[in-house]
There are 2 protein chains.
Amino acid sequence: MHVTEQCLPANEVLARVGDKWTVLIVMLLGDGPQRFSELRRRIGTISQRMLTLTLRNLERDGLATRTVTPSIPPRVDYELTPLGHSLRGPLTALGGWAVENHPAMVAARSRYDAAQRDAA
Amino acid sequence: MHVTEQCLPANEVLARVGDKWTVLIVMLLGDGPQRFSELRRRIGTISQRMLTLTLRNLERDGLATRTVTPSIPPRVDYELTPLGHSLRGPLTALGGWAVENHPAMVAARSRYDAAQRDAA
DNA sequence: CTGAATCCGGCTTGATACTG
DNA sequence: CAGTATCAAGCCGGATTCAG
């Protein structure tokens, strides 16, 4: 099996999960079901629009469920599906790599940029 | 430690690696050092511009090295650094999840889109 | 062969205002 | 409270052309 064939779905998942808010929200939902406003408050800087869009996409991809309680005021809870929970494993693995090697990447960038400046 | 703090570097790495070509190129470079034209040929559909940009970013982040052989015609080889190789582990883990669960995601999308059409 | 420079279309994100 | 609609801005990726 060629590498490229493995990479098509892998890249699609990465592109999907690599957007600005998905990882954060999946991890927050890992703590258990939560309301829209609770997620909004915990993230702090996200716009209503992006929170809605990201949650919609998670629902669409079968990673989360959306439960509406028709009360006044209305209440909507989001929860990871088993599929969504299963994503947390590989995600935390990559997260572990990130926290461990992020300093090295930042350092490499500084060196590279410094070298570029010297050349200029 | 809050989840959000873990997620900042994690998301940065994912955003970096979630672009259109990085994963594929890292995996191809996993086979060993390769020339610019060889990568171009193996990928097939990538533009010169994006191959150059992606490789530059890999070099900048310390994930790959760029070796120029000043001959005529010039020859440039790219190779993963130890840091780059260490990324392959978590990457293949997520890749495994992707190939395993990609069908489920596609199916979930179809269901969701069908439900949306019915509602309309 | 490898890569830089330019232009351009599209998608993603964000701010703002409005609704049930 | 939980959205939807609209608009503007910015970045990404692709095609093309030129250069060492």
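Order of the sequence lines fixes the chain letters, A, B, ..., with proteins taken first and strands second; residue numbering starts at 1 for each chain. All figures in this text were calculated on a predicted structure; none of them were measured in a lab.
- The two residues A:Arg16 and A:Leu58 come nearest to each other via the heavy atoms NH2-N, 3.3 Å.
- In this structure, B:Asn11 atom CG and C:dT13 atom C1' are separated by 14 Å, rounded to whole Å.
- With B:Thr81 contributing its side chain and B:Gly84 its backbone, the two residues share a donor-acceptor pair below 3.5 Å.
- Within the 4.0 Å cut-off from OP1 or OP2 of C:dT2, not a single side-chain nitrogen or oxygen of B:Tyr78 is found.
- The interatomic distance linking A:Leu53 (CG) with C:dT12 (P) rounds to 10 Å, in whole Å.
- At its two ends the helix from C:dC1-D:dG20 to C:dG20-D:dC1 runs along axes set 40° apart, each axis drawn from five pairs and the angle rounded to 10°.
- Put simply, CD1 on A:Ile46 is 11 Å from C1' on C:dG14, counting in whole angstrom units.
- The minimum heavy-atom distance between B:Val13 and A:Ala98, with the atom names listed, is CG2-CB, 3.6 Å.
- When side chains are defined from C-beta on, A:Asp61 does not count as touching B:Tyr112, because their heavy atoms never get closer than 4.5 Å.
- Between the C1' atom of C:dA4 and the CZ atom of B:Arg56 lies a distance of 9 Å, rounded to the nearest Å.
- Heavy-atom nearest nucleotides on DNA chain C were determined for A:Gln48 and for A:Lys20, and the one closer to the 5' end corresponds to A:Lys20.
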Atom pairs under 3.5 Å, N or O on each side, protein against nucleotides 5-10 of chain C: can you list them with distances?
from: C:dT6; atom 1: O4; to: B:Arg49; atom 2: NH1; distance (Å): 3.2

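- Between the CZ atom of B:Arg41 and the C1' atom of C:dT2 there is a distance of 16 Å, given to the nearest Å.
- In this structure, CD1 on A:Ile25 lies 11.5 Å from CZ on A:Arg40, to the nearest 0.5 angstrom.
- Not one side-chain nitrogen or oxygen of A:Ser47 sits closer than 4.0 Å to the OP1 or OP2 atom of C:dT13.
- OP1 and OP2 of C:dT2 both lie 4.0 Å or more from every side-chain N or O belonging to B:Arg75.
- In this structure, B:Arg40 reaches neither bases nor backbone, as no heavy-atom distance under 4.0 Å exists between it and the strands shown.
- At least one side-chain nitrogen or oxygen of B:Arg66 sits closer than 4.0 Å to the OP1 or OP2 atom of C:dG3.
- Interface limits on DNA chain D: the 5'-most and 3'-most nucleotides within less than 4.0 Å of chain B heavy atoms are D:dG13 to D:dG20.
- In this structure, A:Leu87 and A:Val17 have side chains that are in contact, with non-hydrogen atoms separated by less than 4.5 Å.
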